[in-house]
Structures are given as structure tokens and as C-alpha cells.
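Below, all heavy atoms of this structure are taken into account, side chains as well, without hydrogens, waters or symmetry copies.
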Amino acid sequence: MATTTFSMRAAEAFVLGHGDPRRRATWKAAFGCGPVEVLVFELEPYLDAQGVWSALAADEPAGGLASAVVALRVLAGVNLGEDIFEVGQRTFDHLVAIRSPDGSWDAPGPWPGVGDDTARRAWYTAAIGMLLPQLTGSSNPDAARTLGDDAARWLADAWPQVAAAGPALWWAALGCCATAAPTVVHDATARLLGWLETPRAPSDLTWIHDAAHLAGLPSTHPLRQRAWTLLAGGQAPDGGWAAGSDAGWPADRVDATIQAMRAVVRP
């Protein structure tokens with residue numbers, strides 16, 4: 001990896017100075033400098049008794065799943081253990097209940113890609129299949145891994161139809177498919193390497209880095225190296241990373257900074 005050029009202290013000051021209570025709690029839980037219970041408390045208003053997440057994603061209609069993807073990413077990024085058992089179990093049970101019999105997920109509303117209903121279903125399936133097995137607090141981690149593998153097999157069958165849907169699908173599929181669909185991993189990796197020939201927004205780079213890690217690509221792999229190097233050199237003088245997205249999954253500067261720092265401290 002390249003020489004590190006980032007400052008965790010400056011990133012922390014940026015997040016704590018500019019973030020709302022939920023994002024400040026996310027930072028503290030992610031880096032072990034605050035109680036996990038505070039993060040759970042800040043997330044509770046976004047989760048109902050049935051395990052449905054809402055209001056974490058912009059322009060999400062009723063029945064949408066983008067907020068669930070946002071929540072899963074937050075929860076999968078910290079070592080929550082039993083502190084989030086009840087929240088994690090509600091989330092897990094709801095996603096199991098709404099999963100299609102073929103192992104896929106779908107929802108109405110905008111999504112970060114192009115294509116027909118099958119492509120949208122592929123993105124939700126890949127994103128949830130990537131993140132759900134990382135959710136701590138579920139009483140049955142083996143079941144979560146099985147759901148991820150089922151999602152990967154569905155993606156492998158659908159891949160010829162949806163592979164051109166865009167980078168947000170490529171990185172989600174990469175993180176989801178690992179051992180269950182190696183041909184998808186190979187194709188998604190190649191597509192992302194081509195996409196990263198142009199420098200990309202930090203929020204997109206963090207998804208790619210995390211997905212490559214989940215897929216088991218070594219830290220020496222060109223995809224991880226490229227994403228990590230661009231991230232490590234992208235910290236602004238105020239300690240934050242830039243907002244936005246080139247792939248339709250935008251993040252504000254605080255979220256982008258939290259995710260970027262998570263990635264750069266894990267080359």
C-alpha cells in the first residue's frame with residue numbers, strides 16, 4: 001500500500017464537529033471511543049416494531065428498502081455484539097419475512113443504477129446479501145450466511161441480464177458473491193477496475209474497498225490498492241472527505257468521512 005497520508009484525529013474532529021448525534025455516535029461506536037448503546041438509541045427512531053427501517057434514505061417511498069441498506073451498513077461496520085441483539089433481530093426477521101421464495105429482495109423507489117425491474121431487484125438482493133451476514137446481534141449467524149449465499153446464487157443466474165446496470169450493482173455483487181458465485185466476482189472485479197481508471201467519489205470508493213474485503217480479495221489486489229490509495233490521499237484540509245457519488249449512491253461529507261476512515265484504517 002502507499003504511504004498513509006490521512007489523519008484520524010482530523011477526521012474525528014470533523015465528524016464530531018459537523019455530524020448530528022446519530023453520526024457522532026456512529027463514529028464513536030466504530031472506533032471504540034464511545035458506548036455502543038448510544039448508537040442503538042440514536043437509531044431506534046428509524047426502526048419500527050416490525051423491523052422496518054425508514055427515513056435514512058432520501059426520496060424513499062413506503063415499502064422501500066434503501067433505509068434498510070443504510071442501516072445495515074452502519075450496523076455491519078461496528079462490533080456491536082449483544083448490545084444490539086434486539087435491534088439486529090428485528091431487522092433480520094423483517095428481511096427474512098419479505099424475501100422472495102427465490103432468495104431475492106426487491107422494493108419500490110429509486111435505486112443507484114440503470115435497467116429494468118430485474119436490475120433493481122439484483123441491486124437490492126446484492127446489497128442485502130452483502131451486508132446481512134455482517135450484522136451482529138442476530139441470534140442465528142449461520143442463517144444470515146445462508147441467506148447471503150442464496151442471494152449470490154440468484155445473482156449468478158440473473159447476471160447475464162443485469163451486469164450492465166452500473167457500478168453500484170458491481171460492488172454490491174462483489175461483496176455478496178464471494179465463494180457462492182465466483183464468476184460474478186470475477187466479472188464485477190474486472191468492471192470495477194475499469195471504472196476506477198478515473199478517480200471516483202470517496203463514498204463510492206469505500207463501498208468498493210469494503211466489498212473487495214468481504215469478497216476475500218487480498219490487500220495487494222489491484223482493486224483494493226486502487227480504492228485505498230485514492231481514499232488515503234483524498235482527505236481535505238479540514239479533516240473530512242468530499243460528498244457526492246459517481247454511481248448514484250450519494251453521501252454527505254460526514255457519512256463519507258466515517259466510511260472513508262473505516263476503509264483506510266483497514267488496508
Side-chain angles (χ1 to χ4, degrees), residues 65-66 68-70 72-73 75-77 91-92 95-107 111-136 138 140-196 200 204-228 247-249 263 266:
L65 280 175
V69 173
V70 173
L72 283 172
R73 196 171 188 214
L75 299 176
T91 302
F92 182 84
L95 291 173
V96 170
I98 65 171
R99 187 179 72 140
S100 297
D102 61 10
S104 66
W105 283 272
D106 195 13
W111 60 286
V114 296
D116 59 13
D117 291 348
T118 303
R120 185 191 63 226
R121 179 180 291 272
W123 181 78
Y124 278 114
T125 300
I128 295 172
M130 168 186 174
L131 294 169
L132 190 59
Q134 316 309 315
L135 176 65
T136 58
S138 167
N140 195 339
D142 290 338
R145 285 190 289 271
T146 297
L147 293 178
D149 288 345
D150 289 347
R153 284 188 283 270
W154 184 92
L155 281 166
D157 290 339
W159 196 249
Q161 294 177 257
V162 303
L169 175 60
W170 304 338
W171 69 54
L174 173 62
C176 174
C177 289
T179 58
T183 57
V184 174
V185 170
H186 178 78
D187 187 46
T189 300
R191 290 173 182 271
L192 288 168
L193 278 169
W195 194 66
L196 286 190
R200 299 296 179 178
D204 301 335
L205 295 169
T206 58
W207 275 104
I208 292 170
H209 180 278
D210 293 349
H213 173 79
L214 290 174
L217 302 185
S219 60
T220 54
H221 191 281
L223 184 60
R224 285 186 65 177
Q225 285 195 332
R226 175 68 169 160
W228 188 92
W249 185 264
R266 186 178 63 183

Within-4.5 Å side-chain heavy-atom neighbours: Asp150 and Arg99: yes
Check the pair Leu174 / Met130 against side chain to side chain contact (heavy atoms under 4.5 Å, CB included), numbers first and verdict last. CA-CA 8 Å; Leu174 173 62; Met130 168 186 174; over 6 Å; no
Heavy-atom pair with the smallest gap, counting every atom of Val184 and Cys177: CG1-SG, 3.6 Å
Ala215 and Ala178: which non-hydrogen atoms are nearest, and at how many Å? CA-CB, 4.2 Å
Quick note, side-chain hydrogen bond (donor to acceptor under 3.5 Å, both in side chains) partners involving residues 176-191, not counting sequence neighbours, are Trp159-Asp187, Asp187-Arg191
For His213 and Ala263, indicate whether the former's side chain and the latter's backbone hold a donor-acceptor pair under 3.5 Å. no
Could you tell me whether a side-chain N or O of Trp170 sits under 3.5 Å from a main-chain N or O of Ala163, the two making a donor and an acceptor? yes
On a heavy-atom basis, which atom in Ala212 and which in Leu223 lie closest, and how many Å separate them? CB-CD2, 4.3 Å
Should Val69 and Trp123 count as side-chain neighbours, where that means a heavy-atom distance under 4.5 Å? yes
Tell me whether Arg120 contacts the main-chain N or O of Gly115 through its side chain, where contact means a donor paired with an acceptor under 3.5 Å. no
Can you name the nearest heavy-atom pair linking Ala165 to Ala119, along with the distance? CB-CB, 4.0 Å
Which value, rounded to the nearest 0.5 Å, describes the distance between Leu205 atom CG and Arg224 atom CZ? 14.0 Å
Can you find a heavy atom in the side chain of Asp204 that is under 4.5 Å from one in the side chain of Pro167? no
Write down the atom of Ala122, the atom of Trp154, and the distance for their closest heavy-atom approach. CA-CZ3, 3.5 Å
Any side-chain heavy atom of Leu72 sitting closer than 4.5 Å to one from Gln134? no
A cation-pi test, strictly: NZ or CZ of Arg73 under 6.0 Å from the centre of the six-membered ring of Trp207 and no more than 45 degrees from its axis. Yes or no? yes
So, Trp105 side chain and Leu95 main chain: donor-acceptor pair closer than 3.5 Å or not? yes
With heavy-atom distances below 4.5 Å as the criterion, would you say the side chains of Val70 and Trp249 are in contact? yes
Check whether any side-chain heavy atom of Leu75 lies under 4.5 Å from a side-chain heavy atom of Leu131, and answer yes or no. no
Please check: side-chain N/O of Arg200 versus main-chain N/O of Trp195, any donor-acceptor pairing under 3.5 Å? yes
Distance from Gln161 atom CD to Asp116 atom CG, nearest 0.5 Å? 7.0 Å
If you round to the nearest 0.5 Å, how far is CG of Leu196 from CD1 of Ile208? 4.0 Å
If you define the side chain from C-beta out and look only at heavy atoms, does anything of Asp157 sit under 4.5 Å from Asp102? no
Closest non-hydrogen atom pair, Cys176 against Ala126: CB-O, 3.5 Å
Any sub-3.5 Å donor-acceptor pair from Ser104's side-chain atoms to Ser100's backbone N or O? no
